[in-house]
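Remember, it's 1-based here, ligands and their atoms both numbered in the order they're listed. Here, residue 1 is the first one in the sequence, and each next residue gets the next number. For the numbers below, each heavy atom of this structure counts, side chains included, while hydrogens, waters and symmetry mates do not.
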Amino acid sequence: MSEAKIWLSSPHMGGAEQKYVNEAFDTNWIAPLGPNVNGFENDLSTYLNNNPVAALSSGTAALHLALLQCGVGQGDEVICQSFTFSASANPITYLGATPVFVDSEDVTWNISPKYLEEAITDRIAKGKKPKAIVAVHLYGMPYLVDEIHAIANKYEIPVVEDSAEALGSTYKGRNCGTFGTYGVLSFNGNKIITTSGGGALVCPSEEAKKNTVFLATQARDDAPHYQHSNIGYNYRLSNISAGIGRGQMEVLDKHINLRRQMNSFYQELFEKYDGITVFTEPNEDFYSNHWLSAILVDPEKTNGVTREDIRLAFAKANIESRPLWKPMHMQPIFENCAFYGENVAFRLFKNGLCVPSGSNLISKDRQRIEKVIFDLLSR
Ligand SMILES: *Cc1c(COP(=O)(O)O)cnc(C)c1O
C-alpha cells in the first residue's frame, strides 16, 4: 500500500508545450534549428533584459563554450566555487585547464569574497593569473553579486555566471544570468523549467551570440562546401526540445511562485522544531526562485536527530530528499586541485538536506511530508 513517490523536483508541464512540439512535426522542423529554437531564444532574451541568448544542448555545453570564449585553454587555471554540482567544474578540464576551488560564505552558501580574493592574489603570486571565475547561484539563491563582481573587476577576470539553478531569481531587481560576462542556464529534467534536456548561454553581445552558435554548429566557415578553420562542437538545441521550452516559459513565473510557496511551507513547518533552519534570503536584495528548498540540521539541538535520520525517514515514506552538494575539492577526481577556504562548504554538506520542492506538489504531499517530520521530531 505504498503511496506514490514524492520527488525532489520533477518536470511540470504547463499545457502549451505539445502545441509547439506539434507545430515542429507539422512543419517538419525536426532538426537542431527552426522556429521553436528562435522563438525560445527570443522568450529567454525578453525575460533576461534583452540580453542575447543562444539555445544549446545542455548547461554543461554552455559552460564549455563560455570558458572557451573567455580564452581558457591548455595549462590555464580557472577559479570555481567548490560547493556546487560537478558540471560547474568539469568543462574547465575539457579545455585542458585546472580548477582552483574556493569555499562558500554561510549567508548565500555561494562563493566567498574573502577566499576568492585570497585565491586570486595567491595564484598571481605563484605566477599564474586565473583566466576566469565560475560563480554559482546554488539552489536559486543569488551569490553576493556586488562583492564578487567588485573583486573580479579589480583583477580584470571574466565571470562565468552559473545560473543553471537560478532562472527567475533576482539580485537588487536584476535577473540572475545577466551579471557575468557569460550567463549559463540549464533546462535539464529536474530544473525549474525543462526541455527534457537543454541549456542556454546568455551572451554579452549579438556578436558573441553569433560566435556561440557558430561554435555549437561545428564551426563551419562561410563557404559552399564544408570548410573549417576552428574546432567545432555539436551543441545546438533541438527544435523539438525548444518547443517544450516555449511552453515552459509561459508558466515560469507561476511555477516560481509555487516553489516559493513550498519554501514558506517549510519555514512554517520547521519553526515548530528546534535545531532545523530553512535556507532563505538574507534580505530584500535577494529574490530566490527556490528551485530547491534546503534545511540545515543541528543535531545538538534536535535531541540527536541528524540530517541522515531525516533523509532515511523520508525514504521510508517514499519521499525523495538529498544531501546538499558534496564540495568539489573533496571529490576523488579533484583531490589534487588547490582549495582556498575553511570548512563552510563541508559543514553545509554534512548537515544539509534538500527537501521536495516541486511546483507540482499538492496539499496531500505536504501533509505526508509534515507527518514524517512530526513522527520523527515531536518525541
Ligand atoms: C544542472 C546544472 C548544470 C548543468 O546543466 P545540464 O543542463 O545538466 O548540463 C551546471 N551547473 C549547475 C549548478 C547545475 O545545477
Sequence neighbours left out, what passes ring pair (Phe, Tyr, Trp, His ring centres under 6.0 Å) with Phe214? Give chain and number order.
none
What are the two closest non-hydrogen atoms of Val21 and Gly243, and how far apart are they?
CG2-C, 4.3 Å
Contact table, ligand 1 N/O with protein N/O, distance under 3.5 Å:
| from | atom 1 | to | atom 2 | distance (Å) |
| --- | --- | --- | --- | --- |
| ligand 1 | 5 (O) | Ser186 | OG | 3.2 |
| ligand 1 | 7 (O) | Gly59 | N | 2.8 |
| ligand 1 | 7 (O) | Ser186 | OG | 2.7 |
| ligand 1 | 8 (O) | Asn188 | ND2 | 2.8 |
| ligand 1 | 9 (O) | Gly59 | N | 3.3 |
| ligand 1 | 9 (O) | Thr60 | N | 2.9 |
| ligand 1 | 9 (O) | Thr60 | OG1 | 2.5 |
| ligand 1 | 11 (N) | Asp162 | OD1 | 3.3 |
| ligand 1 | 11 (N) | Asp162 | OD2 | 2.7 |
| ligand 1 | 15 (O) | Glu165 | OE2 | 2.5 |
| ligand 1 | 15 (O) | Lys191 | NZ | 3.1 |

Under-4.0 Å salt bridge between Glu370 and Lys272:
yes
Residues that, via side-chain heavy atoms closer than 4.5 angstrom, fall in one hydrophobic cluster with Phe101
Met328, Ile333, Phe334, Phe339
Going by side-chain heavy atoms closer than 4.5 Å, which hydrophobic residues are tied to Val213, directly or by a chain of links?
none
Indicate yes or no: does Lys131 engage Glu77 in a salt bridge with an N to O separation below 4.0 Å.
no
